[in-house]
**Q** 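I'd like to ask some things about the structure below.
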Protein chains: 2
Amino acid sequence: MLDSMRQFKAGVFQALGHPTRVAIAECLSRGEMSVSGLSEAVGVEQSNVSQHLAVLRNKYLVETRKDGNQIFYRLRDPLLADVLEKMRQYFFAHMNEAMEVLREEQNGAANAIQEKTP
Amino acid sequence: MLDSMRQFKAGVFQALGHPTRVAIAECLSRGEMSVSGLSEAVGVEQSNVSQHLAVLRNKYLVETRKDGNQIFYRLRDPLLADVLEKMRQYFFAHMNEAMEVLREEQNGAANAIQEKTP
DNA sequence: TGTCAATATGCGAATATTCTAATATAGTAC
DNA sequence: GTACTATATTAGAATATTCGCATATTGACA
C-alpha cells in the first residue's frame, strides 16, 4: 500500500520530469489551452506536443474539452499548480546551483559526478 | 532563460520520478538518515540505494554529513518536503485514479491507452 | 460527397535509465 | 600493517523514453 502510493507519486513526478511537459503544465496552470496553442506557446511541433500530452493524460494530470475542431486541455487539479509553484520557489532559492546543474549537464557528466562525491 | 528554468525543474521532477527515490525523499523529509538506515527502511540493497542517492546528489536535492564510518543524508531544502506533502495530498484526492493507473501499469499499457483517448 | 484543419497514433533509431553483481574507497579497530 | 564495516563506483544487459516522420482520425464546411 505504502508502495503503491510511492509508485503513484513517482509516476506523477516522472510525468512532470521533462522540460516540454513542465512548459505545458505551466501554460495550463494559467488556464486551458488548445493543442495548437500549446504547440506555439511551447515551441514544439504538434505531434510531439500531442505525445507529451498523452503522457500527462495517462497519469490523469490533465482533462480535455472538445470545441468544434479543437481540443482544449486543462490541469485536472489545482494541487498540481501548487506543486509547480513550490518548484518555482525552489528554483529561485537555488538559482546558483540550478545554473551549475545545467552547465554540468551541458558538458559530459562524467567529471562532474566526481566533484560532487561527498 | 525560461528554458533553463524549465530544464532545471524537469530535472528535479525526474530525480523524484522513481519509487525508490520517492521513498528515500520521504524518509529524509522526517530527518537525516544513514545509507544503511535508508537501505533497510526502503528495502532496497545498499548499492542500489547508493546509486539512487547519487541521482539526488547530482541535482543537489540532498546534503551529507560524515560521522565516523557512516554518511548521513538529509534534504537540502524544506521546500522539497512541501512538494512531497502536496503530492501526498494529491494522492489522497485521487486515490481512485491512482489505483487505476497502477492497475494499468501492471497489465500491458497498450489497451489502457486506447480507453483513455479523449 | 470531397477537402481542409486540428489532433492523435504508429514506427524506428538514438539515447537514457534501471538493476544486479563485482569491485573500489575510506574509516575504525586491533 | 590486517580485518571489518560502510559507502561509492563500474560494467553490462535489459528496458524505457524521446524525437521526427508518416499516417490515421475527427470535425467543419462547401
Side-chain angles (χ1 to χ4, degrees), chain A residues 6-7 10-11 13-24 32-59 62-74 104-105 108-118, chain B residues 6-7 10-11 13-24 32-59 62-74 104-105 108-118:
Chain A
R6 281 165 183 165
Q7 202 173 332
F13 283 128
Q14 198 205 17
L16 294 173
H18 189 284
T20 299
R21 293 197 291 270
V22 168
I24 290 174
E32 70 170 16
M33 199 178 275
S34 70
V35 178
S36 55
L38 285 168
S39 177
E40 186 174 0
V42 173
V44 170
E45 77 163 304
Q46 178 270 320
S47 104
N48 199 0
V49 168
S50 202
Q51 285 175 323
H52 285 296
L53 284 171
V55 173
L56 297 173
R57 232 168 41 225
N58 288 341
K59 304 291 192 206
V62 294
E63 285 177 328
T64 60
R65 175 178 72 84
K66 241 178 206 165
D67 182 13
N69 224 1
Q70 313 188 82
I71 298 184
F72 287 86
Y73 277 78
R74 61 177 177 281
E104 281 164 4
E105 281 169 1
N111 44 1
I113 287 174
Q114 293 290 347
E115 292 160 18
K116 271 172 298 188
T117 299
Chain B
R6 281 163 183 168
Q7 201 172 334
F13 283 128
Q14 197 204 19
L16 293 173
H18 189 284
T20 299
R21 293 197 291 269
V22 168
I24 290 174
E32 71 170 16
M33 200 178 273
S34 70
V35 178
S36 55
L38 285 169
S39 177
E40 187 174 359
V42 173
V44 169
E45 76 163 307
Q46 178 270 322
S47 104
N48 199 1
V49 167
S50 202
Q51 284 175 325
H52 284 296
L53 285 171
V55 172
L56 298 174
R57 232 167 42 224
N58 287 341
K59 303 292 191 205
V62 293
E63 285 177 328
T64 60
R65 174 178 73 83
K66 238 180 207 166
D67 181 13
N69 223 0
Q70 313 189 83
I71 299 184
F72 287 86
Y73 278 78
R74 61 178 177 279
E104 282 162 2
E105 282 169 1
N111 45 0
I113 288 172
Q114 293 290 348
E115 292 160 19
K116 270 173 297 187
T117 300

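Everything quoted here is computed from the prediction, not taken from an experiment.
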**Q** Give the minimum heavy-atom separation between A:P19 and B:A10, together with the two atoms involved.
**A**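 Shortest heavy-atom separation between A:P19 and B:A10 comes out as N-CB, 3.4 Å.
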**Q** Are any protein N/O atoms closer than 3.5 Å to N/O atoms in nucleotides 26-29 of chain D? If there are, list each pair with its distance.
**A**
none

**Q** Using side-chain heavy atoms (C-beta onward) and a distance below 4.5 Å, is A:H52 in contact with A:I24?
**A** yes
**Q** Kindly compute the distance separating CE (B:M33) from CZ (B:R74), expressed to the nearest 0.5 Å.
**A**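 If I round to the nearest 0.5 Å, the distance is 14.5 Å.
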**Q** Rounded off to whole Å, could you give me the CG-to-P distance for the B:N58 and C:dT18 pair?
**A**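 These atoms are roughly 12 Å apart.
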**Q** Atom CZ of A:R65 to atom P of C:dT7: distance rounded to whole Å?
**A**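 My rounded result for the distance is 12 Å.
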**Q** In terms of side-chain heavy atoms of A:I71, which of C:dC19, D:dA8, C:dT7 is nearest?
**A**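 Nearest nucleotide to the side chain: C:dT7.
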**Q** In whole Å, what is the span from the CG atom of A:L53 to the P atom of C:dA6?
**A** 16 Å
**Q** Does C:dA16 have OP1 or OP2 sitting under 4.0 Å from an N or O in the side chain of B:Q14?
**A**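 For C:dA16, neither OP1 nor OP2 has a side-chain N or O of B:Q14 closer than 4.0 Å.
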**Q** Could you state the atom-to-atom distance from CG of B:L38 to C1' of D:dA8 in whole Å?
**A**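 Rounded to whole Å, this separation is 14 Å.
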**Q** OP1, OP2 of C:dT7 versus side-chain N and O of A:R57: anything below 4.0 Å?
**A**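 No, A:R57 has no side-chain N/O under 4.0 Å of OP1/OP2 on C:dT7.
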**Q** Minimum heavy-atom separation for B:F72 and B:D67, please, with both atom names.
**A** CE1-CB, 3.8 Å
**Q** Taking NE2 from B:H18 and C1' from D:dA16, how many angstroms apart are they, rounded to a whole number?
**A** 11 Å
**Q** Looking at B:V22, is its backbone amide N or carbonyl O close enough to the side chain of A:R6 to form a donor-acceptor pair, meaning the two atoms are under 3.5 Å apart?
**A** no
**Q** Is B:Y73 close enough to D:dA6 that one of its side-chain N or O atoms is under 4.0 Å from OP1 or OP2 there?
**A** no
**Q** Indicate whether any N or O donor in one side chain lies under 3.5 Å from an N or O acceptor in the other, for B:Y73 and B:R65.
**A** no
**Q** Please tabulate, for the side chains in residues 35-46 of chain A, all donor-acceptor contacts under 3.5 angstrom to protein atoms that are two or more places apart in sequence or on a different chain.
**A**
| unit_1 | atom_1 | unit_2 | atom_2 | d |
| --- | --- | --- | --- | --- |
| A:S36 | OG | A:S34 | OG | 3.2 |
| A:S39 | OG | A:V44 | O | 2.6 |

**Q** From CE of B:M33 over to P of D:dT7, roughly how many Å is that when rounded to an integer?
**A** 12 Å
**Q** Between A:G17 and B:Q70, name the one whose nearest nucleotide on DNA chain D is closer to the 5' end.
**A** B:Q70
**Q** Say whether, by atom type as modelled, one donor and one acceptor occur between the side chain of A:R21 and the main chain of A:A15 under 3.5 angstrom.
**A**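 Flag set: sc A:R21 to bb A:A15 pair under 3.5 Å.
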**Q** Nearest whole Å is fine: how far is C:dA5 P from A:F72 CZ?
**A**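 From A:F72 CZ to C:dA5 P: 17 Å.
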**Q** Does anything in residues 39-52 of chain B reach DNA chain D, meaning a heavy atom under 4.0 Å, and if so which residues?
**A**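 Those residues whose heavy atoms fall under 4.0 Å from DNA chain D, taken from residues 39-52 of chain B in numerical order, are B:Q46, B:S47, B:S50, B:Q51.
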**Q** Can you tell me if B:R21 touches the phosphate of C:dT18, counting only side-chain N or O atoms and a distance under 4.0 Å to OP1 or OP2?
**A** yes
**Q** Between atom CG of A:L16 and atom CG of A:L56, what is the distance when rounded to the nearest 0.5 Å?
**A** 7.0 Å
